[in-house]
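The block underneath contains the structure these notes are about, expressed in C-alpha cells.
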Amino acid sequence: MKYLMIAPIEGFSKLSKEAKISWIAKHYTHNSEQTLKLLQQYWNKDEQLQKLHDEFIENTITNFYLPFGIAPNFLINDRLYAIPMAIEESSVVAAASKAAKFWLTRGGFKTTIIGTEKVGQVHFMYTGDADKLSQFFLALKPKLLANVASITKNMEKRGGGISAIELRNKTAELDHYYQLHCTFETMNAMGANFINSCLEVFAKTLKSEAQNHPAFSDQEKDIEIVMSILSNNVPNCVVRAEVSCAVSDLKPQDAVSSLEFAQKMVRAVNIAKVEPFRAVTHNKGIMNGIDAVVLATGNDFRAIEAGAHAYASKDGKYTSLTHASIEDDQFKFWIEIPLAIGTVGGLTNLHPLVKVALEILQNPTAKELMEIVAVAGLAQNFAAVKSLVTTGIQQGHMKMHLLNILNQLGATEAEKLTLVHHFKKNTASHSAVVTAFEALRNNL
C-alpha cells in the first residue's frame, strides 16, 4: 500500500469549514473534487439546521447519516409504543418488530424500575493516618454539601440531588489511594454535567479544608486530587423487563413443539451464562436493540455499553444479561440492565430528530425511557435466540442484508425485484447472491 507523505498542520480548528474540507481532500484523498462533492451532498440545504449540526462537535466537515427506523407494536405495561431506532445493521429493526408482534398477543412486556442512582467519584492521594482522615471527613461532609447548594438547588426542586457521599479507603489496592464515592439522583436529566460540576466543587473543598485542618501534619495536609469524574458503572440504576406466557401459548411457527421451543430457549440462554465467548455475542445482540434506541433519543450509547458490560461482569465472570426459565408450565424471559439515560439536556433539546423520536415515544420520563430501552434489548435478544435455536441466524439476516449486497453490485431496480423474489425461496449467502446476479445480468 502506498502511503501519502503529509506534513502536520497548525491551527486546523481555526480554519473555516470550507478550508478544512479543502485541506483534508487535497492531502488525504486521491480525488479532491470528488471528495468535496460527496461531503457537500450530505449537507442539509437548510443553512440554520446545518449550522446546528456543525456545532455539535469540533472540526465538522459534513453529516454522517444512519437509517432512522421504526419498530411498531410494542405493548409495554399495557401501553402501545412504536419505537424509533437509529442503526445501520440489517435485520435489527425487523427482528425487534417481529418480537414485538410475537408478544403483542401474549401479554406484552412488563417492566420495573429497580433503581435510578448514578455515581461520581473524587479520586485522591493521602499519605497519613487513615483514622484522622475519617474524622476529618465526618466534619467536612456538611461543608461539601453547602458548597454545592447553588448547583443542586434546581435539581432538588425536581426531586433529585445528592443522595450520599462516603469516604472509601482503597489503599489495599493502591498505596495512598482514597476516594469520595458520591451518589446522585438526576431525575429526567442524563446528569453528566451536573454530577461533574458537583464533584469538582467537592475536590476543591476537600483540598482547601485539608490544608487548614489543625489535626493534620504538613504531609497529611498535602492531599493530591487526581481527578473528579462521574462513573459509567451504575449498578444501582437498573431496570427489569420481562415477558411470560404459558408454554402452550408459545406456538412457534417452526417445526418444533411449544415445550421443545421453550427448552431450547432456556438452554441457549444458559450457555450464554456459562460461556463468555457466547455471552459476548449474546449481549452484543441485546445492545443492537438498546444502542439503536439510545442513539435515536440522543443519549450516550458508549456510556450505556460500558455500564452494561460492567454489569455483565459484576459477579467476577462475564455472563448473559438475559435470563430464561420454565416454571409451572410458564415460560419467562427477562433482562436486568443498568441504563443511565435522560430525556432533557444534551442533544435531547437540540437535535430535531431526537425531539421527533421522543415525541413518537409519547414524551417519556427518564424512567419510562429506561423501560422502553430495556424492552428493545430484550426483544432483540428474544428474536436472535429464537432464530438461532430454530432456523438459524443466517437465513433471516442474509435476506435482510440482500439489498446491501445488490447495491454493492450496482443492481438496477428491476434486477433487485427479480433477485429479492428469487431469494424468498433460496438461501441468500453472499456468494449465492453474486452468482445469481451475474447469471441474471448475463441472461444465463
- Those residues at least two apart in sequence (or on a different chain) that pass salt bridge (Lys or Arg N to Asp or Glu O under 4.0 Å) with Arg302 are Asp300
- Query: Can we call the ring centroids of Phe382 and Phe102 under 6.0 Å apart?
  - Reply: yes
- Message: I'd like to check the ring-ring contact (aromatic ring centres under 6.0 Å, His included) partners of Phe216; sequence neighbours left out, ordered by chain and number.
- Response: Tyr126, Phe136, His213
- Message: Please list all pairs meeting salt bridge (charged side-chain N to carboxylate O under 4.0 Å, His left out) that have one or both residues in residues 154-173, counting only residues at least two apart or in different chains.
- Response: Glu166-Arg168, Lys170-Glu173
- Mind checking what makes ring-ring contact (aromatic ring centres under 6.0 Å, His included) contact with Trp43, not counting sequence neighbours? none
- residues 49-61 vs side-chain hydrogen bond (donor to acceptor under 3.5 Å, both in side chains), sequence neighbours excluded, gives Lys17-Asp54, Gln50-Asp54, Gln50-Asn63, Lys51-Glu55
- Message: Looking only at the aromatic ring of each residue, does the gap between the centers of Tyr28 and Trp23 stay below 6.0 angstrom?
- Response: yes
- Item | Test salt bridge (Lys or Arg N to Asp or Glu O under 4.0 Å) applied to Lys132 - qualifying residues, sequence neighbours left out | Glu220
- Task: With sequence neighbours excluded, tell me which residues meet side chain to side chain donor-acceptor pair (under 3.5 Å) with Lys367.
- Result: none
- Message: Going by salt bridge (Lys or Arg N to Asp or Glu O under 4.0 Å), name the residues that satisfy it together with Lys204, two or more places apart in sequence or in a different chain.
- Response: none
- Task: For Phe64, check ring-ring contact (aromatic ring centres under 6.0 Å, His included) against everything at least two apart and list the hits.
- Result: none
- Task: May I ask you to check whether Tyr42 and Gln40 show a side-chain donor-acceptor distance below 3.5 Å?
- Result: no
Please report, to 0.1 Å, the donor-acceptor pairs under 3.5 Å made by any side chain of residues 261-273, with sequence neighbours excluded.
| residue | atom | partner | partner atom | Å |
| --- | --- | --- | --- | --- |
| Asn270 | ND2 | Val266 | O | 3.4 |
| Lys273 | NZ | His323 | ND1 | 3.2 |

Determine all donor-acceptor pairs shorter than 3.5 Å in which one atom belongs to a side chain in residues 233-245; sequence neighbours excluded.
| residue | atom | partner | partner atom | Å |
| --- | --- | --- | --- | --- |
| Asn236 | ND2 | Glu117 | OE1 | 3.2 |
| Arg240 | NE | Glu242 | OE2 | 3.1 |
| Arg240 | NH1 | Glu336 | OE2 | 3.1 |

Cut-off 3.5 Å, no hydrogens considered: what does the side-chain donor-acceptor table look like for residues 346-358, sequence neighbours left out?
| residue | atom | partner | partner atom | Å |
| --- | --- | --- | --- | --- |
| Thr348 | OG1 | Gly345 | N | 3.0 |
| Thr348 | OG1 | Gly345 | O | 2.4 |
| His351 | ND1 | Leu353 | N | 3.1 |

